[in-house]
Structures are given as C-alpha cells and as structure tokens.
Colleague: 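The structure is given below, and queries will be raised subsequently.
Whatever order the structure lists ligands and atoms in, that order sets their numbers, starting from 1.
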Amino acid sequence: MAVALTGAGLSVESGIPAFRGNQGLWDRYDPLEFAHIEAFRADPQKVWKMLAELGGLVDRARPNPAHRGLARLEELGYLRAIITQNIDALHQRAGSREVIEFHGNGQRLVCLSCGRRYSQEAVVLETLPPRCSCQGVLKPDVVFFGEPIPPAASEKALAYCRQCDVLLVIGTSALVAPASHLPLIAKQQSARIVEINLERTHLSDTISDVVLETSASQALNDILEHLGR
Ligand code: APR
C-alpha cells in the first residue's frame, strides 16, 4: 500500500508560495509574529491582514498536474491515502478522496470562543478580524504553531505510516514536527521512502531510499507514464 505525505512544494505550481526557500512566505512574514497561536490571540487583525493576502492566492489557485496525478494514482488503486500539510484543499479539488488534513483546512473558520465552525465563503472578510455570532474572534481552522494536530488526523496519519509499503514524500522540507516524524515512522516498519523534491532535504541522505530531484508535476507525470496510464 502506497501513501503520500505532501507539503507546500506541491502547490507552488498552482501559484501558492512555499514557506521556505526562495520567495518563501516566511521570508516576508516572521512565522512567530504571523503563524503562532499566541501572536494571533494578541493581534488577530494583524494576522488576518496577512491571511487575506494569502487567501487571495489560494482562492485563485487550481489543482496542478501533481494534484491530479495523485488523484489518478488513488483512482487506479496504487495510492491509498494522502497525508497533507497543506491547507489549500487542492487535493480534494483534484479528486483525491482519502485526504488527511494534518494541518487543518483554510476553507473553514473556527470561533476561538465557542468553537463554532463556518465555511469561509459564508463569512464576509470586510471587517477584520471576522467574528462569530457569539462575537468571538474567528480564525482559519488550520494548525498554528503552538497548537496541537487534530487528534483524528494524527491517529489516521500514524496508522497509515505504520502500515504502508511505500511512502511518497513530496514537496516538503520535512522540518516541522510532528509531520516531519512521519517518514521515519514509516521507515521503521520497513516502508520504502520515495522523496520527490526540487532540492535535497535532510531526509535525502538519511532515510530516503529513492530521491527524485524534480518538480512534483514532472515526477507524477513520469510515474503515471511508467505505469502505462
Ligand atoms: N516540486 C517539488 N518540490 C518543490 C517544488 C516543486 N514544484 N517547489 C518547491 N518544492 C520543495 C522545496 O524544495 C521545499 O523542500 O517544497 C518544499 C517546501 O518546503 P516548505 O516551504 O518548508 O513547506 P512544508 O514542508 O510544507 O512546510 C511544513 O511548515 O510553516 C509550516 O504549517 C506550515 O505546513 C507547513 C509546514
């Protein structure tokens, strides 16, 4: 059974900047000021201004050949699940069905006071920060630094990494825990680790069995071509 772990590199070809590397989002915004839950609580309006800019890129983004290739691999029975660190829902829009949102989903908002959830379309972002009907501050339903991984997502991701024969690690710098622990968990139960990334990472010379130094869309196109599909 093959499983994929995906990161921001997968959505770069859809126009959404990655976090690290050239033109990375964290070069322009300090993650401790804009992506930590305590910073959000301290000044939600400031964080929402950055989110509104990033949100525009996500709204205009469309799935790219890498997203579609993974959906096709699932449809053909080669891929069992995708564990994604991305919050752009592009895997689902490409047709993937088993998608574990390890860092949540930016298409939903959640109230910091009462926990009520809203779909992003249902909320007008004219005044920032947006507020719940209880007047609590709304935040994207994504995992900020300093927040736990949703328990259901964590359990499913761990179960898949403990059972898979192959883990495709695509477009991630593998620097942020606990997502960065998943390839090692798969490796420890003898899964083959296939890394797809434009650059080498700390996994490349330690646990990756195969390293494809190419773009995600090129690699997925090649894999599907090789499978004769
Ligand atoms: N194809 C393949 N890989 C690519 C491509 C591409 N077209 N473009 C960039 N990459 C690679 C980069 O070389 C880099 O290794 O994608 C990786 C992106 O790394 P990050 O920007 O660190 O993104 P990610 O690993 O997903 O970050 C993990 O950090 O800030 C938090 O919560 C945030 O989910 C995010 C987490």
Side-chain angles (χ1 to χ4, degrees), residues 4-40 47 50-51 53-55 57-58 61-70 82-91 94 99-108 139-150 153-154 157 167-184 193-208 210-224:
L5 170 66
T6 65
L10 211 97
S11 298
V12 166
E13 294 166 87
S14 296
I16 301 173
F19 296 97
R20 299 167 186 86
N22 64 322
Q23 311 291 320
L25 201 68
W26 297 152
D27 289 344
R28 283 185 286 140
Y29 295 100
D30 178 349
L32 291 180
E33 272 189 65
F34 287 93
H36 197 288
I37 186 62
E38 294 315 321
F40 182 86
V47 176
M50 180 273 280
L51 292 170
E53 178 208 323
L54 187 61
L57 291 174
V58 174
R62 297 289 174 271
N64 66 52
H67 297 106
R68 290 197 295 273
L70 288 170
I82 295 171
I83 302 160
T84 190
Q85 299 170 86
N86 301 340
I87 59 169
D88 53 35
L90 288 177
H91 285 302
V99 179
I100 293 143
E101 297 174 322
F102 206 70
H103 288 164
N105 183 320
Q107 318 299 307
R108 291 188 303 266
K139 86 177 211 21
D141 195 11
V142 301
V143 178
F144 278 52
F145 288 111
E147 288 192 296
I149 302 299
S154 179
L167 182 69
L168 301 173
V169 181
I170 314 174
T172 181
S173 58
L175 292 172
V176 175
S180 57
H181 299 156
L182 295 173
L184 186 58
I193 310 299
V194 178
E195 191 178 7
I196 299 170
N197 197 317
L198 286 177
E199 296 167 358
R200 298 184 76 81
T201 70
H202 69 91
L203 299 178
S204 308
D205 299 320
T206 53
I207 67 166
S208 296
V210 176
V211 180
L212 302 177
E213 287 187 61
T214 182
S215 72
S217 53
Q218 185 60 56
L220 268 297
N221 285 342
D222 292 348
I223 289 168
L224 282 161

Colleague: Does Lys139 come within less than 4.0 Å of Glu147, counting only side-chain N to carboxylate O?
Modeller: yes
Colleague: With atom 36 (C) of ligand 1 as the reference point, say which of Leu25, Thr6, Val176 has the nearest heavy atom.
Modeller: Val176
Colleague: Specify the closest pair of heavy atoms between Ala61 and Ile16, including all atoms of both residues, with the distance to one decimal.
Modeller: CB-CD1, 3.7 Å
Colleague: With side chain to side chain donor-acceptor pair (under 3.5 Å) as the rule and sequence neighbours excluded, what pairs involving residues 172-182 come up?
Modeller: Gln85-Thr172
Colleague: Geometry only, no angles: is Ala216 polar-contacting ligand 1 at N/O separations under 3.5 Å?
Modeller: yes
Colleague: What protein heavy atom sits nearest atom 27 (O) of ligand 1, and how far away is it?
Modeller: Arg20 NH1, 3.1 Å
Colleague: Ignoring hydrogens and geometry, is there a side-chain-to-backbone donor-acceptor pair from Arg68 to Pro63 under 3.5 Å?
Modeller: yes
Colleague: What is the closest protein heavy atom to atom 33 (C) of ligand 1, and at what distance does it sit?
Modeller: Phe19 CE1, 3.7 Å
Colleague: Of all the heavy atoms in Phe145, does at least one lie under 4.0 Å from an atom in ligand 1?
Modeller: yes
Colleague: Purely on distance, is any nitrogen or oxygen of Asn86 under 3.5 Å from one on ligand 1?
Modeller: no
Colleague: Begin from the C-alpha positions of Leu32 and Phe145 and carry the test side chain to side chain contact (heavy atoms under 4.5 Å, CB included) through to its verdict.
Modeller: CA-CA 8 Å; Leu32 291 180; Phe145 288 111; 5.7 Å; no
Colleague: For atom 7 (N) of ligand 1, what's the nearest protein heavy-atom neighbour? Residue, atom name and distance, please.
Modeller: Glu13 OE2, 3.0 Å
Colleague: To which protein heavy atom is atom 28 (C) of ligand 1 closest, and what is the distance rounded to 0.1 Å?
Modeller: Gln85 OE1, 3.2 Å
Colleague: Give me the residue, atom name and distance of the protein heavy atom closest to atom 19 (O) of ligand 1.
Modeller: Ser173 N, 3.4 Å
Colleague: As a quick check of understanding, evaluate side chain to side chain contact (heavy atoms under 4.5 Å, CB included) for Glu101 and Asp141, giving each step before the final call.
Modeller: CA-CA 11 Å; Glu101 297 174 322; Asp141 195 11; over 6 Å; no
Colleague: Atoms of ligand 1 less than 4.0 Å from Ala18 heavy atoms?
Modeller: 21 (O)
Colleague: Would you call the rings of His91 and His67 parallel, tilted or perpendicular, taking 30° and 60° as the class edges?
Modeller: perpendicular
Colleague: Considering only the protein, which heavy-atom contact is closest to atom 6 (C) of ligand 1, and what is its distance?
Modeller: Gly9 O, 3.4 Å
Colleague: Between ligand 1 and Leu175, can you find any atom pair, the residue atom being a heavy atom, that is separated by under 4.0 Å?
Modeller: no
Colleague: Using heavy-atom distances only, which candidate in His103, Gln23, Glu195 approaches atom 32 (O) of ligand 1 most closely?
Modeller: His103
Colleague: Any idea which part of Asn197 is under 4.0 Å from ligand 1, heavy-atom wise: side chain, backbone, both or neither?
Modeller: both
Colleague: List ligand 1 atoms under 4.0 Å from Gly171, heavy atoms only on the residue side.
Modeller: 3 (N), 16 (O), 17 (C), 18 (C)
Colleague: Give the residue and atom name of whichever protein heavy atom lies nearest to atom 30 (O) of ligand 1, and the separation in Å to one decimal.
Modeller: Trp26 NE1, 2.9 Å
Colleague: Please step through side chain to side chain contact (heavy atoms under 4.5 Å, CB included) for the pair Val169 and Thr201, ending with a clear verdict.
Modeller: CA-CA 11 Å; Val169 181; Thr201 70; over 6 Å; no
Colleague: When you check the side-chain N and O atoms of Gln23 and Asp27, is any donor under 3.5 Å from an acceptor?
Modeller: no
Colleague: Can you list the atoms of ligand 1 that are under 4.0 Å from a heavy atom of Gly7?
Modeller: 26 (O)
Colleague: By side-chain hydrogen bond (donor to acceptor under 3.5 Å, both in side chains), which residues pair with Asp88, not counting sequence neighbours?
Modeller: Ser11
Colleague: Could you list the atoms of ligand 1 found under 4.0 angstrom from a heavy atom of Ala8?
Modeller: 23 (O), 24 (P), 26 (O)
Colleague: Is there a side chain to side chain contact (heavy atoms under 4.5 Å, CB included) between Leu198 and Val12? Walk through the geometry before answering.
Modeller: CA-CA 11 Å; Leu198 286 177; Val12 166; over 6 Å; no
Colleague: Can you figure out which of Thr172, Thr84, Ile87, Leu198 has its heavy atom closest to atom 8 (N) of ligand 1?
Modeller: Leu198
Colleague: Give me the atom names and distance for the closest heavy-atom approach of Ile193 to Pro183.
Modeller: CD1-O, 3.7 Å
